[in-house]
Amino acid sequence: MEYIILAINAILVKNILLAQYLGNCPFMGVSKKMETATGMGMAVIFVITFATSITWFVHHYLLVLLKIEYLQTIVFILVIASLVQLIEMFLKKIVPALYKALGIFLPLITTNCAILGVAVLCINNEFNFLQSLFYALFSGVGFALALILFAGIRGRFEIAYIPKVLQDTAIALVTAGLMALAFYGFMGIDNSLQALMIK
Amino acid sequence: MIILNSFLMLLGLGLLASVMLAIASKVFYVWEDPRIEQVEEALLGANCGGCGYAGCAAAAEAVVMSKAEVDVCSAGGFEIALQVAEVMGQKVEAKEPDISKPGCYYGFQDADLKYTYDGVYDCRAAMLLYGGSKECNIGCLGLATCVQACPFNALSMGENNLPVVNIDRCTGCGICAEICPKGIITISSATRRVLSDNKVTECTAPCQRNCPAEIDIPEYIRQISEGNYLESVRVIKEKNPFPLICGWICPAPCEFECRRNLIDEPVGINALKKFVTEYEMKTNQRALPTYLPPATGKKIAIVGGGVEGLTAAYYLRRLGHIPTVFEATDKLGGILRYVITEDRLPRKVLDWEIQGILETGIEAETGKVMGIDFSLGVLFSEEFDMALMTTGGWDSRQILRGGSKVEETIPGTYLLIDFLIAASKKLKVSINKKIVILGGGNTSSKAANICLQKGAENITIVFPFSKTEAELKNIKLFDTDQVRYIFSAIPMELEGEDGHLKTLSLIHSDGKSEKLNLDNLIVGSGRYPEMLFEKGEKGKWKTVEIIKVLPVESEIGIFTIGEAGRPTDLTGVVVAVRIGRKMARAIHQHISGEEISPESGVLMDEKEVQNVFEILNVDQLKTPRGIINNQVTLSEDQAKYQARRCLNCGLICYKKTISENEKSEIPA
């Protein structure tokens, strides 16, 4: 039950893109086509889970022990960047098919704030390892969900009449705002669920 | 302490990461051709997909893997191809630029509509509703889907709700052509237009449809009305290299179908052609093609320097091949020179036109009779790749020098009529043992008799009809072992070696084929059709079947085109021009390894030409046409007046409002 709440929380209530507004760059950049949006979503799920599990260990068994938590950001970036590089090489050699599918998106998200954000959030929320792992996974799913929904909407822009000044990014930002507002409606679900669980 | 800790920690972590990555890059090393990246950098990076690959990276890979040529980037054009070629260490030759050409001339405000569309602003969406709002099923819907799709901002919507191409920006990538749900945007270039015929999906005017040469008549008239005379000549020459001659002697079937007929009198289409080409001649500015493709190195012999042969040569040259014309008489021109009288066609005009064709880089050898001075065997030993016979008929060969020997135009082959006349005049005709006679009715029995007297041992007479039909036609059949009959069969291929004929392949009506060995062939028709020969190995040669040259159905065999007397019956110079251009395309297709056939969606010859039977809202003029005959040359004012009378017809639409200026009287 705890993990269900975690999932609802990560996917809907505190959606990384729409509630926390992290990872705006790919949200605008790769949401023009459904194919690329799906590819990016999958890549993010993959990397975010991996990165968070590693950074959890780095934080608890290096930074905390050495009492240099203030270096968190730098260390996380270093770890995530090299990790993604490593994954990219690994996939290229071992699973070329997956590399082809995710290939161009992997370097795009090495230093993405959504990845770093989730890693940091897990630490701040004092999750244990398993919780961190699930939270990261579900955040990734939330990212993919929002991105794919958004790509679907943007697909419709192609055949809609849009005033010239609003075309492209402008209308995309407006839409993103509206979507965020819609997701705001999920606020409170987690509280009621928690209350339900306590009962 | 903390400072040291942090320092060491970061150093350690950094080192660890770098060592790990260094090891990983060795362990997980995948070799990639460095040229892929270089080629990708050279490409535009627009990822437009115009080349047919999924983005520039995929195209780069295809180039390096030799799956695509260095000029893969259709959008980048010649410059990008040069850069890619440099990376690949290859050479590239200049290519004619392709330009997008929207094929609709009347926006929805001018066209007949089925309903008013007010929905999603996209042609693809509008298309879902009964194929769009226009009556015309190939009309532009004007919702700018192509404009939005163009990755290079080369398209915009014009005032009349039709897309306008900015030629400087258009790269010819073809995305607009692909996205247009009506399929009316084509990628066009002079070379493509030379190769193309009128299509069902093209908005063609009735005059253009009825022109045997398929000249873009509305376009050349438009150029005249704008004063671009040389450009107008270029438009005509994309389909007809003899415009001035046509101006003098063309029967102008285009004018029969002119929609002006329904109001007053047709536009002087041919007179306009004469005006503009006479302008070319008078000012001595030859309207040469703006572009000649790089040489393909293929040599083609064209036997017969008449209109058809010269037309074929002209278009072969424009497609990059090297044609050489062989003419039996001393001068090129054929029937135009030797049959048509001087007052109908001044020789000065003829010479000017022929000279213009030769100036594109065509060689001509005159005074050489095929079958006497040279033969197919000699041609093919002289490195010609193909030979096209446009010798015309027995009638046109009356102009040959008289001799005591009958020529064998194709080795071992005579026309039946030649053979019989030679026999009656006791001229020398040499025949061998095995003879095949094609068609000809009772005269073929006569020829068979002569052959038997001359010592032939084995005669086969091939009829395209059945035995019952032969009896109905009262054809007297032989009853000896030496003469064999084959009914309901059509010749499909001739094969030979050096100067000798070897085999004739037949196809029976039941689909079975048969090969006959033979020494001599006697052809029952009065003339040779256009025949195309191809060089084989070790002195061998054979015919290439070319019946699919024309957009007509149900004709097979090598002797079909002229035999029926239909397309090349020389009803007009313009008909010979039509076949000449199609022959050039057939040769081009064969050399490029394609099947010889018209493009898909070509207007069939049987298709009716006119689909408008009433003209509304156009005023009748008092003196519409003035005196126009082939002897008269229009003045510039008169030409502009004629050009203004043109209704700029499309498939259905035409210009419905005529300005006051255009109603003016005919200028003196």
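Keep in mind that what you see is a predicted model, and the values were worked out from it rather than measured. In what follows, every chain begins at residue 1, and chains take the letters A, B, ... in the order their sequences are listed.
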*Asks:* Which residues in residues 127-142 of chain B have a heavy atom less than 4.5 Å from any heavy atom of chain A?
*Replies:* none
*Asks:* If I compare all heavy atoms of S100(B) with all of I187(B), which pair ends up nearest, and what's the gap?
*Replies:* CA-CD1, 3.9 Å
*Asks:* Are side-chain heavy atoms of C653(B) and D112(B) found at a separation under 4.5 Å?
*Replies:* no
*Asks:* Are L71(A) and I68(A) side-chain neighbours, meaning at least one heavy-atom pair lies under 4.5 Å?
*Replies:* yes
*Asks:* Is I74(A) in contact with chain B via its backbone, its side chain, both, or neither, using a 4.5 Å heavy-atom distance?
*Replies:* side chain
*Asks:* Counting only heavy atoms not in L15(B), do more than 12 fall under 6.0 Å of its CG?
*Replies:* yes
*Asks:* Can you tell me which of L10(B), V120(B), L21(B), L13(B) forms the most heavy-atom pairs within a distance under 4.5 Å of chain A?
*Replies:* L21(B)
*Asks:* Using a 4.5 Å cut-off on heavy atoms from C-beta on, say whether the side chain of C203(B) contacts that of Y105(B).
*Replies:* yes
*Asks:* With a 4.5 Å heavy-atom cut-off, do I175(B) and P151(B) have their side chains touching?
*Replies:* yes
*Asks:* Can you tell if the side chain of I8(A) reaches within under 4.5 Å of the side chain of F186(A), non-hydrogen atoms only?
*Replies:* no
*Asks:* Enumerate, by atom name, each donor-acceptor pair separated by under 3.5 Å where one atom lies in chain B and the other in chain A.
*Replies:*
residue: S6(B); atom: OG; partner: Y70(A); partner atom: OH; Å: 3.0
residue: Y29(B); atom: O; partner: K93(A); partner atom: NZ; Å: 3.4

*Asks:* Write down the atom of C176(B), the atom of L155(B), and the distance for their closest heavy-atom approach.
*Replies:* CB-CD1, 3.7 Å
*Asks:* Name the region of A125(B), side chain, backbone, both or neither, that has any atom closer than 4.5 Å to a heavy atom of chain A.
*Replies:* neither
*Asks:* Below 4.5 Å from any heavy atom of chain B, which atoms of L86(A) appear? Answer side chain, backbone, both or neither.
*Replies:* both
*Asks:* If you define the side chain from C-beta out and look only at heavy atoms, does anything of V75(A) sit under 4.5 Å from L63(A)?
*Replies:* yes
*Asks:* With side chains defined as the heavy atoms from C-beta onward, is the minimum distance between M179(A) and L149(A) less than 4.5 Å?
*Replies:* yes
*Asks:* Classify the ring geometry between F50(A) and F46(A) as parallel (under 30°), tilted (30 to 60°) or perpendicular (over 60°).
*Replies:* tilted
